[in-house]
Amino acid sequence: MARANDEAAALIQELADLLSITGGDAFKIRAYEKAARAIAGYPEDVSGLNLTGLKKIPAVGEAIAKKLVDYNETGTIRQVEELRAQVPSSVRALTAIPTLGPKKALLLYQRLGVATVDELEAALDEGRLHGLKGFGPKSEENIRHGIELLRQTGDRVLIGTAAALADEIVAALAPLAERITHAGSLRRMRETIGDVDVLAASADPRPLMEAFTALPFVTEVIAGGDKKTSVRTYRGPQVDLRVVPPESWGAALQYFTGSQAHNIRTREIAVKAKLKLSEYGLFTASGELIVSETEEEVYERLGMPWIPPALREDGGEIEAALADALPDLVTVEHIKGDLHTHTDLTDGRATLEEMVRTAAERGLAYYAVTDHAPDLAMHQMTDAKMLAQRERIRALQKEYPDLAILHGSELNIGPDGSVDWDADFLSGFDMCVASVHSHFNQDQAEMTRRFITACENPHVHVIGHPTARLIGRRAPVDADWDEVFRAAARTGTAMEVNCFPDRLDLPADLIRRALRFGVKFSIDTDAHSVADQRNIRFGVGTAQRGWLTPDDVINTWPLPRLREFLAAKKG
DNA sequence: GCCGTTTTCGGCCCGACTGTTTTCAGTCG
């Protein structure tokens with residue numbers, strides 16, 4: 001079940017969308033959009049707030065607060081219902097077609113009665129768009145093409161896919177640019193990526209643009225100018241290349257990193273200081289360039305320290321920066337160990353020796369081997385196999401004086417919250433992760449009880465991939481997370497941030513909620529192969545989006561402190 | 001609709017590209 005805040009935010013956002021279709025005031029629309037973001041990110045549950053409490057939410061005033069009261073009392077908002085009666089919600093869905101925005105969608109609905117994507121396709125086939133104001137032959141072609149794209153691609157791709165594509169493009173174009181890097185949602189480490197943004201600095205954009213459109217995986221050039229070129233690729237996402245003069249690098253990187261909401265806030269601050277911020281720099285009112293060579297300069301001139309990209313979502317980072325209260329975020333360099341990994345003893349694809357050697361090459365100080373336990377029957381684990389692995393680890397340890405190899409297991413959390421093995425056998429491990437691998441559809445009360453029971457087990461140190469979601473394939477399980485986090489904090493059980501690009505679990509919003517309860521975290525690769533160990537950057541990015549500092553993350557701690565944490569585990 | 005170390009009224013981020021336009025609206029990020 002969605003949190004009330006998410007439902008309420010979605011309704012306010014729908015109100016903004018419907019108003020933009022029916023031609024409402026643009027500033028009012030922006031006010032709703034801003035409020036929707038604030039509501040989604042507000043830590044307190046809106047369903048428990050009265051009018052006074054609701055007005056304390058940033059960007060929510062008297063009018064929107066009353067709409068939220070309406071939502072709390074009736075489960076919906078009257079104005080949204082009224083607008084839905086005027087414009088079917090399917091018209092709103094039309095704007096998902098690239099090149100078709102609210103204005104054109106409304107025109108299609110009013111003049112042709114087109115209210116769904118299927119009806120639009122039929123209208124195109126029948127030639128009913130001919131002669132419609134603003135719709136020439138090229139528009140028809142674009143819409144037809146847009147419908148096709150909408151149907152074939154699930155639009156966004158996993159961060160791992162986008163990162164690999166961006167790395168390749170940056171490497172291919174680097175010789176032609178003074179500076180080049182990826183920006184956009186990929187730099188902010190969002191879990192899925194719509195478009196890959198690449199930014200380059202060069203006084204001569206032409207050769208870059210030509211090399212870009214000639215890359216082997218480019219299937220189509222959507223737009224091609226001197227400053228911006230957009231292409232589609234058969235690898236999935238659209239890629240935008242922006243080229244700016246070298247002296248604009250800092251302002252451009254700040255701008256193209258976004259998010260859009262964050263940029264609006266920074267530009268508002270500039271305007272209040274009688275300045276103008278664009279991708280070309282920070283300027284005085286008379287158009288004189290002040291700074292723009294580095295992002296640090298731009299933020300500093302606006303009265304803020306540099307803000308890490310992962311925080312730039314207008315989720316309170318501007319306020320924190322202005323108060324000089326930004327968190328010192330955890331980075332990949334802080335990671336001293338990995339507490340959830342596999343070998344070919346169960347479903348891994350590399351041997352114990354290969355996995356440990358890779359961990360040593362990463363410069364880790366400790367590394368836990370946590371193969372699956374017997375309750376996941378398919379792996380056919382036995383006590384004897386586990387004890388034999390422990391002997392191999394003890395022997396292997398002699399070869400790695402600087403890497404402590406811990407012996408653990410990834411236990412299975414059963415439907416009732418119980419785990420594999422008895423206390424006696426469990427006490428032989430250095431540490432244990434425990435995860436949900438089945439019975440994903442339990443109701444919220446059962447699932448919550450299940451997690452709390454697991455947390456209360458003195459041998460469970462980390463809850464693995466807590467929501468069990470697979471991005472784009474399996475929904476998160478339904479639990480009362482506040483209750484689970486309370487239990488985790490009370491018992492000294494860490495919540496995992498799993499680094500797999502299709503898991504990223506806990507997700508950033510739940511990390512931030514858990515943090516408020518004093519929960520500790522473990523950023524683990526869950527590596528099943530040598531290559532999987534490189535996924536650490538995606539988990540760290542997710543942790544950053546959840547505002548975690550090294551102190552919140554147990555595997556950034558020196559080994560003695562980690563051992564104290566494990567030993568202090570309470571039932 | 002929100003908001004206020006210039007304001008309780010009058011502001012509200014900024015630019016690139018496309019297509020259909022004879023000077024600009026719509027879309028996108």
Side-chain angles (χ1 to χ4, degrees), chain A residues 12 15-16 19-21 23-39 54-68 79 94-108 129-143 145-146 183-186 188 193-197 199 205 209 221-230 238-244 248 251-252 254-283 302-303 312 314 318 322:
Chain A
I12 298 291
L15 191 53
L19 273 178
S20 76
I21 291 171
D25 174 57
F27 295 113
K28 191 192 274 194
I29 293 165
R30 262 195 53 195
Y32 284 137
E33 289 176 337
K34 206 168 169 180
R37 281 196 305 276
I39 293 160
L54 290 165
K55 281 165 71 176
K56 292 208 173 75
I57 302 172
V60 173
E62 184 80 18
I64 294 180
K66 279 186 175 154
K67 291 180 170 62
L68 293 175
Q79 288 87 344
L94 287 181
T95 62
I97 299 168
T99 74
L100 195 61
K103 295 287 175 292
K104 287 187 165 179
L106 181 67
L107 198 71
L108 289 171
L129 270 64
H130 296 330
L132 206 56
K133 188 164 177 285
F135 290 83
K138 193 69 189 166
S139 296
E140 284 193 28
E141 195 185 319
N142 284 340
I143 292 170
H145 190 49
S185 53
L186 181 57
R188 300 200 312 278
I193 309 296
D195 303 324
V196 171
D197 291 298
L199 177 68
M209 295 306 193
V221 178
I222 304 162
D226 265 358
K227 299 184 169 73
K228 174 186 174 181
T229 295
S230 303
Q238 173 180 327
V239 184
D240 293 345
L241 174 64
R242 307 290 300 233
V243 182
V244 297
S248 300
Q254 196 279 330
Y255 175 72
F256 291 116
T257 297
S259 64
Q260 194 177 14
H262 176 87
N263 285 354
I264 290 172
R265 295 294 308 280
T266 53
R267 288 180 180 207
E268 281 172 356
I269 290 171
V271 167
K272 280 181 190 133
K274 300 256 187 287
L275 303 170
K276 189 188 73 162
L277 179 62
S278 79
E279 56 264 54
Y280 297 110
L282 187 61
F283 300 91
L302 296 176
R312 300 184 196 172
D314 190 20
I318 298 276
L322 288 171

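Every chain is numbered from 1, with letters handed out A, B, ... down the list of sequences.
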Legend entry - Residue closer to the 5' end of DNA chain B, A:Ile64 versus A:Lys227 (nearest nucleotide): A:Ile64
Legend entry - Along DNA chain B (nearest heavy atom to each residue), the more 5'-positioned of A:Pro58 and A:Asp197: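 The 5'-side residue here is A:Pro58.
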Rounding to a whole Å, what distance do you find between [X]:[atom1] and [N]:[atom2]?
X: A:Arg267; N: B:dC12; atom1: CZ; atom2: P; answer: 14 Å
X: A:Lys133; N: B:dT20; atom1: NZ; atom2: C1'; answer: 10 Å
X: A:Glu268; N: B:dG10; atom1: CD; atom2: P; answer: 20 Å
X: A:Leu132; N: B:dG19; atom1: CG; atom2: P; answer: 17 Å
X: A:Arg242; N: B:dG29; atom1: CZ; atom2: P; answer: 11 Å
X: A:Lys272; N: B:dC14; atom1: NZ; atom2: P; answer: 12 Å
X: A:Lys274; N: B:dT5; atom1: NZ; atom2: C1'; answer: 12 Å
X: A:Ile21; N: B:dT27; atom1: CD1; atom2: P; answer: 10 Å

Report yes if a side-chain nitrogen or oxygen of [X] is closer than 4.0 Å to either non-bridging phosphate oxygen (OP1 or OP2) of [N]; otherwise report no.
X: A:Lys228; N: B:dA16; result: no
X: A:Lys67; N: B:dG1; result: yes
X: A:Asn263; N: B:dC14; result: no
X: A:Ser139; N: B:dT20; result: yes

Legend entry - A:Ile12 vs A:Ile39 side-chain heavy atoms within contact, under 4.5 Å: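 Yes, close enough: below the 4.5 Å cut-off.
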Legend entry - Close side-chain approach of A:Leu199 to A:Tyr255, heavy-atom, < 4.5 Å: no
[atom1]-based separation of [M] from [N] [nearest Å]:
N: B:dC9; M: B:dC14; atom1: C1'; result: 25 Å
N: B:dC17; M: B:dT21; atom1: P; result: 22 Å
N: B:dT20; M: B:dA25; atom1: C1'; result: 9 Å
N: B:dG10; M: B:dG15; atom1: C1'; result: 25 Å
N: B:dT5; M: B:dG1; atom1: P; result: 23 Å
N: B:dT23; M: B:dG19; atom1: C1'; result: 14 Å
N: B:dG11; M: B:dA16; atom1: C1'; result: 26 Å

Nearest to the side chain of [X], which nucleotide is it out of [options]?
X: A:Ala31; options: B:dG15, B:dC2, B:dC17; value: B:dC2
X: A:Tyr255; options: B:dC2, B:dT18, B:dG29; value: B:dG29
X: A:Lys276; options: B:dG1, B:dG19, B:dC14; value: B:dC14

Report which part of the nucleic acid [X] touches: base, sugar-phosphate, or nothing (heavy-atom distance under 4.0 Å, all strands).
X: A:Asp25; value: base
X: A:Gly224; value: sugar-phosphate
X: A:Ile264; value: base
X: A:Tyr32; value: sugar-phosphate
X: A:Leu277; value: sugar-phosphate
X: A:Lys104; value: sugar-phosphate
X: A:Ile269; value: nothing

Inset, instruction - Would you sort out whether A:Ile21 and A:Leu94 count as a side chain to side chain contact (heavy atoms under 4.5 Å, CB included), showing the intermediate values? - result: CA-CA 11 Å; A:Ile21 291 171; A:Leu94 287 181; over 6 Å; no
Inset, instruction - Tell me, yes or no, whether the heavy-atom count around A:Lys66 atom NZ, taken from other residues, nucleotides or ligands under 6.0 Å, exceeds 12. - result: no
Inset, instruction - Salt-bridge test for A:Arg267 and A:Glu279: reply yes if a basic N is under 4.0 Å from a carboxylate O, no otherwise. - result: yes
Legend entry - Check: A:Glu279 side chain, B:dG15 base, donor-acceptor under 3.5 Å: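 A donor-acceptor contact between them is absent.
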Legend entry - side chain to side chain contact (heavy atoms under 4.5 Å, CB included) between A:Met209 and A:Val243, worked out: CA-CA 8 Å; A:Met209 295 306 193; A:Val243 182; 3.6 Å; yes
Legend entry - Nucleotide opposite B:dG4 in a Watson-Crick or G-U pair, distances under 3.5 Å: B:dC9
Legend entry - A:Ser259 side chain vs A:Arg312 backbone, donor-acceptor pair below 3.5 Å: yes
